[in-house]
Structure formats: C-alpha cells, structure tokens
There are 2 protein chains.
Amino acid sequence: MSGIAEVARRAGVSKSTASRALGGTGYVSDDTRLRVEAAAAEIGYVPSTNAVSLATGKTQNIGVVMPYLNRWFFAEVLEGIQEILLERGLDLTLYDAKPASPGRARIFGDFLARSRFDGLIAVGLEPDHHELEQLVRIGRPVVSVVGSGDATSIVEIDDDYAARRATDHLIALGHRRIAFLGGQTDRHWAQVDRRRFGGYEAAMQDAGLADSVRHIESDVTLPGGYAAAVDALSDTRNRCTAVVASCDEVAIGAIIAARRLGVQVPGQLSVIGIDDHEYAEMFSLTTLRQSPREQGRVAVDMLLAQIADPDEPRTAVRMKAKLIVRSSTAAIDPRVSATVIDGGLDIPSAAGA
Amino acid sequence: MSGIAEVARRAGVSKSTASRALGGTGYVSDDTRLRVEAAAAEIGYVPSTNAVSLATGKTQNIGVVMPYLNRWFFAEVLEGIQEILLERGLDLTLYDAKPASPGRARIFGDFLARSRFDGLIAVGLEPDHHELEQLVRIGRPVVSVVGSGDATSIVEIDDDYAARRATDHLIALGHRRIAFLGGQTDRHWAQVDRRRFGGYEAAMQDAGLADSVRHIESDVTLPGGYAAAVDALSDTRNRCTAVVASCDEVAIGAIIAARRLGVQVPGQLSVIGIDDHEYAEMFSLTTLRQSPREQGRVAVDMLLAQIADPDEPRTAVRMKAKLIVRSSTAAIDPRVSATVIDGGLDIPSAAGA
DNA sequence: TTGAAAGCGGTACCAT
DNA sequence: ATGGTACCGCTTTCAA
C-alpha cells in the first residue's frame, strides 16, 4: 500500500536507496535523503515491522513472562520495563504464566517457542526444570527479575540481607518473640519467601534466639496476611511482640488485623515489611525498601546489552534493600525510647533522663 | 534454519504441499500429511510468525492499551484478556499509556501506527479527540473496555445504574446525609467517576435530597480515599452518615480512615463501593459487583468477531453491576433492623416485634 | 552514490 | 492430490 516502494517512486529513486536514506545506513547524498524523507512524510510511511523482522531477523520486540499481573511487585516491574522499552521504541509482548495453569504449559510449549521476540524477561517465574530447559532452548537472551538465578542473568534484591536487616531492627528494639509471617511450607513455598525466611532465621540464630523462631503461615497477599494475623493474634497468651512479614502486603494485612483486634501497633505489636509498597506510607509501615520499577529498568538494560552482543557474559545484579523506619515498629521496653536510623541504633539522651 | 523448506525436503514433497499439510488448508493425502507432520516434529519445526504475517497479512497478535497496570480494575481486565487470548493462541502486545505522559504520545504516534496487531483493546483509555482520531486511523478494529463509547465497540458496566443503586441502597436504609467520595472536579476528572457521580446525584434528586448532594474530592486510589476521608470525617459537627465511593479502593480507604478515627462502620458511618474488589470481603464492604475479568473476556470475543468480519457492526455491551450486601452499610435508625436484598428492601417481622 | 536482484520464510493461486 | 512460482515488504550484497 504505502510501502517503501511507493516512497521510492515518489522520490524518484530505487527501493534500495530509499531504504538506505530512511534507515540511516550506507551512503546517500544529503539531497536524496531529503527527498526521500519528504516523500515518506508525505504519505505517512510506516515500515512494516513484519517485513523488517523477516529481513533482518530482529523483531524489535521483547517478551515478558510473569505469574501475576495484579500484585504490586509485578505491576511495578512491568511498568519499569515498559517505560524503558517505550523510550527505545521496542514493543512488549506479555505472557501471564500462572503457576500450574494449563495456560502456562502452552506458553512454554507454543508461545515462547515461536519466539516473536529478541529477548525475554522472566519476572518471579520460578520455572521448574522442564520449563527452564524450554526457556534456554529458545536460544534468545533471558534475564530474570527474581529467580533461582544460575541459568540466566538476573536482577533482584538480596533477600537474605533484607530479612536479616528487618529482623535485626526488631531485635535491636529489644524484641525477642519475633515471628515470621508469610509463605506456606507444605504447599508451594515461593523461593523468595523461603529465602527471606532463611534470613530471618539466621538473624534469630545469630542473636541467640533460635528457640524463638516461629513461622506463621499465610498466603502472600494482603488478605492472606490479615487472616493469618487475626488467627495468630487472637492467641493472647502466646503472642509474639513483633512480626517480620515476607512482604509489605502481608505486613499491612497484619496491621489491619491488629487494629481490628485492638492490638496497638507499635505499642503491643511491631510490624516490619519488605518492599515499601505504595500503601506503606499510609500505614506508617517500617519496611525495607526495594524498587521493582528500577529492577525492571535494569533488566531491560541487561537484556538489550545481551541482545546487542550475545557473547556478553551473564550477570547478576543483587541490590540491597534499605531500611525505612516509620512507626509500625518501636522498642518493646517503654523505658527505652530508641530512635533507629539506617545502619544502627541511636539511643538519644532521653535514656539517661 | 529449520524452515518449512527443510520439512518439505525431509518429507519428500514441495514447500506448497508441506504448507497445506501443516496448515490444514487444501487437499493433501492422509499419507503425505502424516509424512510431513512426522518430518516437522522431527526437526521441531515452528513457523516463523513474521513470515506468516507478511504472507497472510494477519499478525496473530492483538494490542492492549491501558493507562495503568497497577490498579485492580486494569490488572483484572488484562488477566481476562490474556486468558482468552492464550486459549486462542494469540499474542498480546501491551502499551502502557499514562495520561499526559511523553510515552503516551509516542504510543499513539509511533507504536500504534506500526500496527503490529490485528485489533486493539483500549481499556479505560479516555482518549482525547486527537488520540481517538489516531486510533481510528490505524484501520484496525478497536474495542474499548470502559470509554466514551461512540467511535468504537465497547464493553463496560452501566455506571449510572451502579451509582444510583448504591445511593438508593443507602437511602432505603434511612440515610439522608450521603456524600460521594472520589474524583476531582478541577483537575482531570475521569469520565467513569463523573458518570458515577451523576448517578449518585440523580438518585439523590429523585429522593428529594438534592440539597444534601456533596462531593468529597479525592484521588481515586486507596490512599486517596483514606486521606480524603480522614479529612472529611474529622469534621465531627458536619459529618455525613453514609458515603458512596467511586470505587472499592476509595471505599476501603474510607473504611480504614474511619476505623483510625474511631468512627464505627457501619454504626456511625455506612460505606458502599463499586467493584467488588479482592479486598472487599475482608473489609465486609457492601458494594456493586462488576467483573473486569469478564469484561476483558467479552472484549476479546467482540474484537475477534470484528477481525473475522470487518463489516460486523459496532456493538455496546453494558452490564449491570449487582448489589452485594455485606456489613459496611446499615440502617441509620437503630430501631429499624433492615435486611436489604438485591432488588428491594426487606423489613423482617422484627420490625413489628 | 545509486540501482538491480537475491533473499528472509512462508502462503496461495494456477497448472498439472 | 501435488508442484511451480509469484509475492508479502523490506534489507543487503554486489555491480555499475
């Protein structure tokens, strides 16, 4: 219709010259270039991506696979990815691969195989052996955002560090009975949550609190955290004084539960999360901040680098979450009025007063 | 590499025959078909989508444009769309067109123009004149999920009805001082919220409560609803007894605010939303249920029908939200113990007892 | 600096 | 029922 041939005809040149003029490759006299550009503008020429892809082998499109679209972390990563891709003029094809769904099998079997993209970003996918194999087999660069991270490049936060830091914060505030809230041991326990639980456990051990380690299971969602917390907090006798939540959604659920039950936060219960969710501020949630959006952006950069140079070695970017102290956590001993800042504990002179 | 030519060679037939055998079009002897299929399986043949698209003019891909990815409604719609597309073997290219962002202009200008899809679904896009024009110009079928709905096919709920129903519910419970919470008059006021406000206003008028009409402005988000409600509820003297929120996120924000301020819900304040958000249950929120997921699915069906037959007339599907009564709403007069069911008000015999 | 022609990997029409 | 061939729209040698 309004192909490059038409542009060439109008500019009075050959297809090849038009292609060069438009693509910026090869020699074209300034004069010709101008004429071609004018002609292109005139008819509103837009190259057919399919034809370009077919001819060049590049799709100008990248694929994104993730198991959830509606959770904060994933939506944020997706927006980060989209943002950069938009700048670069690249398309984004989305695959929603819910764990254990029939659709997931099709995605790995058919959709990824036809590989309509130059590279793939897998977000929190946690693929099993078979899936990972299929992922690798497509022969395109893959970057994972959160993952097991051996077979592909990866960007994520240091979960162990984040959970340790969170736990240490509570310990420094004098808490001993600290529970970890989130994840299910029996059913599918996401690796992220397991790693975070591991960090919590390690911190407890290091503080000589191995005996106090306690895992309160819950869905890793806001209502999940709420339900589990309602349960756990109802047991007044055996209640913990602080909770490390596997993520902010769970933490917020716990705070809402505490409020409902009349348990003061942070007076009677300290709650700390990991994320710095968009709701964190409104709940005054102390948390370890990560930026999924940033992770998405970084993932794109890494992917594009690998696409540009397939020999580029695989990389792993592991960011450190930063402690953001708000007021969902407080010292357990009311006599100690402690102000905690990132990196340590500050006991103002009030302690002596 | 492992193209159809290779398959043909191995099966000892011509490219055309191989194409027919694989594509299911035209005559092929069962015998040959089997041989071709075997050959294809042997080398793991996957047709190049680009080549197919170029040859057929069909991309097997549909585009989705939406302004937010991280809000409940949008994420749900997206999942609904994805679900059906997956079944049909179609790809989904996502465009995140935030209002008034530089990216948005590029999407409309460049991305949509190159039109790498057979059809487009625009979710809550509310395009301006210029954008709408660009949308139409691409010459592909477009279906809107929520929209102004004149230029394209559309699927949405009847916002006017939903808001009226919500307001009527409160009126039936004896409330008079009912405020509408959500949306900003001065800044960009989304058409959805405006329509809902209109429904509220109409219901108030019909009940002779025109003088009580009150719009509490807020961001249409959970923290937005929270902030606005904290403000509004602090004015103890001039407080309303019930709130119609423009959506569940706002409603939930209001409930959280009320709890924080010690205002009993529903004792001192009734709150009703529109959505039936995934958090609605945990907040016992009375609301008008809509299913964005379903809307996404329907949109795909409509779009595919239009792609199959471009002469298909434009359609508008307008669903009715259904009242789900939980316990965030109650009769204002404690003497009237009313049970409200969808479609009317039921006053159990308790009234006479 | 420009043009002709050969693909890229399929589909589909027209003979056979 | 099968094969030959033109063509989808663009890029890219290779010659001129």
Side-chain angles (χ1 to χ4, degrees), chain A residues 1-37 39-40 43-61 89 91 110 113-118 138-140, chain B residues 1-37 39-40 43-61 89 91 110 113-118 138-140:
Chain A
M1 192 62 111
S2 52
I4 201 174
E6 173 68 9
V7 174
R9 210 181 50 68
R10 294 198 173 223
V13 297
S14 72
K15 265 172 48 177
S16 6
T17 304
S19 174
R20 267 176 248 131
L22 262 23
T25 7
Y27 293 103
V28 186
S29 73
D30 287 350
D31 188 47
T32 336
R33 155 167 301 116
L34 257 38
R35 287 215 318 286
V36 173
E37 281 169 352
I43 65 171
Y45 167 72
V46 177
S48 149
T49 0
N50 284 317
V52 175
S53 300
L54 190 54
T56 61
K58 295 259 157 255
T59 62
Q60 309 290 15
N61 182 45
D91 272 340
D110 307 347
R114 72 183 184 224
S115 161
R116 220 182 166 65
F117 40 76
D118 298 330
I138 60 178
R140 298 250 184 293
Chain B
M1 190 61 116
S2 52
I4 200 174
E6 173 67 9
V7 174
R9 209 181 51 67
R10 294 198 173 222
V13 296
S14 71
K15 263 174 53 175
S16 5
T17 304
S19 173
R20 267 177 251 132
L22 264 22
T25 7
Y27 293 104
V28 187
S29 73
D30 287 351
D31 188 48
T32 353
R33 154 166 301 116
L34 257 38
R35 287 215 316 289
V36 173
E37 281 169 352
I43 64 171
Y45 167 72
V46 177
S48 149
T49 2
N50 285 317
V52 175
S53 299
L54 191 54
T56 62
K58 294 262 157 251
T59 61
Q60 309 291 14
N61 182 45
D91 273 339
D110 307 349
R114 70 185 185 223
S115 163
R116 221 183 166 66
F117 40 76
D118 298 329
I138 60 179
R140 297 252 185 291

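Lettering follows sequence order; numbering is per chain, from 1. Keep in mind that what you see is a predicted model, and the values were worked out from it rather than measured.
Looking at heavy-atom distances under 4.0 Å, S53(B) makes no contact with the nucleic acid at all. Backbone-only engagement by V46(B) is indicated by non-hydrogen atom pairs under 4.0 Å involving sugar-phosphate atoms exclusively.
Checking side-chain atoms of N50(A) against main-chain N and O of R116(B) turns up no donor-acceptor pair under 3.5 Å.
Side chains of S29(A) and T32(A): a donor-acceptor N/O pair is present below 3.5 angstrom, by distance only. In summary, the side chains of S14(B) and T17(B) do present a donor paired with an acceptor at a separation below 3.5 Å, with no hydrogens or angles considered.
Of the listed nucleotides (dC10(D), dT2(D), dC8(D)), dT2(D) has the atom at the smallest distance from the side chain of Y27(B). The side chain of T32(A) lies closest to dT2(C) when the candidates are dC10(D), dT2(D), dT2(C). Of the listed nucleotides (dC8(D), dG7(C), dT2(C)), dT2(C) has the atom at the smallest distance from the side chain of V28(A). Closest to the side chain of S48(A), from the set dG9(D), dG10(C), dA1(D), is dG9(D). Checked against dT11(D), dA1(D), dG9(C), the side chain of S29(B) finds its nearest nucleotide in dA1(D).
Taking R140(A) as the reference, nothing meets the salt bridge (Lys or Arg N to Asp or Glu O under 4.0 Å) condition, with sequence neighbours excluded. Taking R33(A) as the reference, nothing meets the side-chain hydrogen bond (donor to acceptor under 3.5 Å, both in side chains) condition, with sequence neighbours excluded. Listed by chain and residue number, nothing satisfies the salt bridge (Lys or Arg N to Asp or Glu O under 4.0 Å) test with R20(B) (two or more places apart in sequence, or in another chain). With sequence neighbours left out, R10(B) forms a side-chain contact (heavy atoms from CB on, under 4.5 Å) with E6(B), A39(B), E42(B), I43(B).
When the P atom of dT11(C) is taken as reference, atom CG of N50(B) falls 13 Å away, rounded to whole Å. If you take CG of L54(A) and C1' of dG10(C), they are 8 Å apart, rounded to a whole angstrom. Nucleotide dG10(C) holds its P atom 14 Å from the CD atom of Q60(B), rounded to whole Å.
Comparing the local axis fitted to the first five base pairs of the helix from dT1(C)-dA16(D) to dT16(C)-dA1(D) with the one fitted to its last five gives a bend of 40°, rounded to 10°.
Taking both residues in full, the closest heavy atoms of T49(A) and R114(B) are given as OG1-O, 3.9 Å, listed atom of the first, atom of the second, then distance. In this structure, V46(B) and A113(A) approach most closely via the heavy-atom pair CG1-O, 4.0 Å.
Shown for residues 9-22 of chain A: residues whose heavy atoms fall under 4.0 angstrom of DNA chain D, namely K15(A), S16(A), S19(A).
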